[in-house]
Amino acid sequence: MPELPEVETLCRQLQRVITDRMISDLVVHDLRLGRIESPTGKKILKVSRRGKGLEITLSGGQRLCLHLRMTGTLFLHRSDLPLLPHTRFTLSFGDEQISCIDPRRFATLTLRDAPGGDLPPLPDPLRGLSTDCLIELAGKRRLPVKAFLMDQKVIAGIGNIYACEILHRAAINPLREACSLSRDDWRDVTKAAEAVLTRAVECRGTSISDWRDLFGQPGLFQHELAAYGREGDPCPRCGKIIVRRRLSGRGTWFCPSCQR
DNA sequence: CGAACGACCTGTTCGC
DNA sequence: TGCGAACAGGTCGTTC
């Protein structure tokens with residue numbers, strides 16, 4: 001569920017809601033997450049996003065690092081609400097608390113000590129994406145361009161939904177080898193990535209089935225999907241039929257007519 | 001080294 | 001209706 005726009009949405013909402021507040025408790029309900037000592041009494045200094053990951057910096061320098069993987073969500077509610085199904089941990093601020101709900105249990109939470117140093121920054125499409133950089137990274141790589149875009153070392157934050165949407169907008173066939181794209185193709189990909197992701201953030205993400213933001217509201221970008229999940233529908237650009245293929249183990253939707 | 005694939009989990013949907 | 005198979009937003013380790 002959470003790709004860059006969904007995590008960015010949570011990040012902005014958390015900044016508004018928990019910055020400067022004091023943690024009253026952190027309870028881990030799923031032992032799969034490991035044992036984490038509650039940073040009770042620490043204050044939230046900063047909430048930031050690294051790729052699809054969230055980092056919460058605490059007074060004293062520790063950082064809570066959360067990755068929601070496939071099905072993780074965060075939900076803000078009153079602290080007296082009974083535990084919701086699939087709750088993995090709860091972070092409390094007095095009478096309000098945030099639950100992490102994650103049916104598939106892939107999400108990860110770690111508490112890092114300050115001296116570990118800052119992790120290197122990731123290439124991020126919301127902080128400027130360079131066409132030259134993509135060309136350089138693609139080099140002679142022969143994997144499908146869609147798999148290349150989903151490589152988090154290349155561009156952090158793009159997952160299956162947005163890879164399909166970006167390539168549709170750029171009119172590039174997702175099966176093409178990364179090294180086969182021209183400079184103009186890469187410029188189109190760069191522009192499409194910025195446009196699609198910016199718009200998806202404005203929409204607070206894509207609610208295909210169960211994605212909800214911090215306040216339980218669905219996103220709206222599912223109404224603007226051109227390719228993802230639309231097998232059999234007409235392509236919004238050329239009217240031909242969208243097809244679905246399996247590519248590196250993932251469902252991949254595109255228009256074979258106008259994506260070349 | 002690059003790329004494909006299975007594993008990690010649970011819930012939902014689809015086909016017979 | 002019931003049941004098993006296939007599939008689902010991500011990443012990591014292994015294998016070829």
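The chains referred to below are lettered A, B, ... by the order of the sequence lines, with proteins before strands, and numbering in each begins at 1.
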Whether the side chain of Arg104(A) and the base of dA8(C) hold a donor-acceptor pair under 3.5 Å is what I'd like checked.
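It does, because a donor-acceptor pair links the side chain of Arg104(A) to the base of dA8(C) below 3.5 Å.
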Any donor-acceptor pair, under 3.5 Å, between the side chain of Thr71(A) and the base of dG10(C), if you only look at N and O atoms?
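Checked by distance alone, the answer is no.
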In whole Å, I'd like the distance from the [atom1] atom of [X] to the [atom2] atom of [N].
X: Leu149(A); N: dT11(C); atom1: CG; atom2: P; value: 14 Å
X: Asp151(A); N: dA4(B); atom1: CG; atom2: P; value: 12 Å
X: Arg250(A); N: dA8(C); atom1: CZ; atom2: P; value: 8 Å
X: Glu177(A); N: dG2(B); atom1: CD; atom2: P; value: 15 Å
X: Lys146(A); N: dA4(B); atom1: NZ; atom2: C1'; value: 14 Å
X: Phe148(A); N: dA4(B); atom1: CZ; atom2: P; value: 14 Å
X: Phe221(A); N: dG9(C); atom1: CZ; atom2: P; value: 16 Å
X: Ile208(A); N: dA8(C); atom1: CD1; atom2: P; value: 12 Å

Under 4.0 Å between a side-chain N/O of [X] and OP1 or OP2 of [N], yes or no?
X: His86(A); N: dC9(B); answer: no
X: Arg244(A); N: dA8(C); answer: yes
X: Arg141(A); N: dA3(B); answer: yes
X: Lys52(A); N: dG9(C); answer: no

Please name the residue in the list Arg49(A), Arg204(A), Lys52(A), Arg50(A) that meets the salt bridge (Lys or Arg N to Asp or Glu O under 4.0 Å) test with Glu8(A).
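The single option meeting the salt bridge (Lys or Arg N to Asp or Glu O under 4.0 Å) with Glu8(A) is Arg49(A).
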Name the stems with DNA chain B in them: runs of three or more consecutive Watson-Crick or G-U pairs, distances under 3.5 Å?
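Expected stems, ordered by start: B:2-8 with C:10-16, B:10-16 with C:2-8.
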May I ask you to say whether [X] pairs ionically with [Y], meaning some side-chain N is under 4.0 Å from a carboxylate O?
X: Lys46(A); Y: Glu55(A); answer: no
X: Glu165(A); Y: Arg169(A); answer: no
X: Asp102(A); Y: Arg105(A); answer: no
X: Arg141(A); Y: Asp151(A); answer: yes
X: Arg183(A); Y: Asp132(A); answer: yes
X: Glu224(A); Y: Arg199(A); answer: yes

What's [X] touching, base or sugar-phosphate or nothing? Going by heavy atoms closer than 4.0 Å.
X: Gln152(A); answer: sugar-phosphate
X: Gly249(A); answer: nothing
X: Asp210(A); answer: base
X: Leu143(A); answer: sugar-phosphate
X: Tyr228(A); answer: sugar-phosphate
X: Ser209(A); answer: base
X: Arg246(A); answer: sugar-phosphate

Between [M] and [N], how far apart are the [atom1] atoms? Round to whole Å, please.
N: dC9(B); M: dT14(C); atom1: P; value: 16 Å
N: dC5(B); M: dC7(C); atom1: P; value: 14 Å
N: dG11(B); M: dT1(C); atom1: P; value: 23 Å
N: dG9(C); M: dC14(B); atom1: P; value: 15 Å
N: dA6(C); M: dG6(B); atom1: P; value: 12 Å

Which nucleotide sits closest to the side chain of His67(A): dT10(B), dG10(C), dA4(B)?
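So the nucleotide nearest the side chain must be dG10(C).
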Residue Arg32(A), side-chain atoms from C-beta onward, closest of dA4(B), dG9(C), dC8(B)
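Of the candidates, dC8(B) comes closest.
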Greater than 12 external heavy atoms within 6.0 Å of Arg112(A)'s CZ
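Open: at most 12 neighbouring heavy atoms sit under 6.0 Å from CZ of Arg112(A).
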Planes under 30° and centres closer than 5.5 Å, is that true for Phe106(A) with the base of dG10(C)?
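Stacking between Phe106(A) and dG10(C): present.
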Run the ring-centre check on His223(A) versus Phe221(A) and record whether the distance is less than 6.0 Å.
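Not under 6.0 Å, so no.
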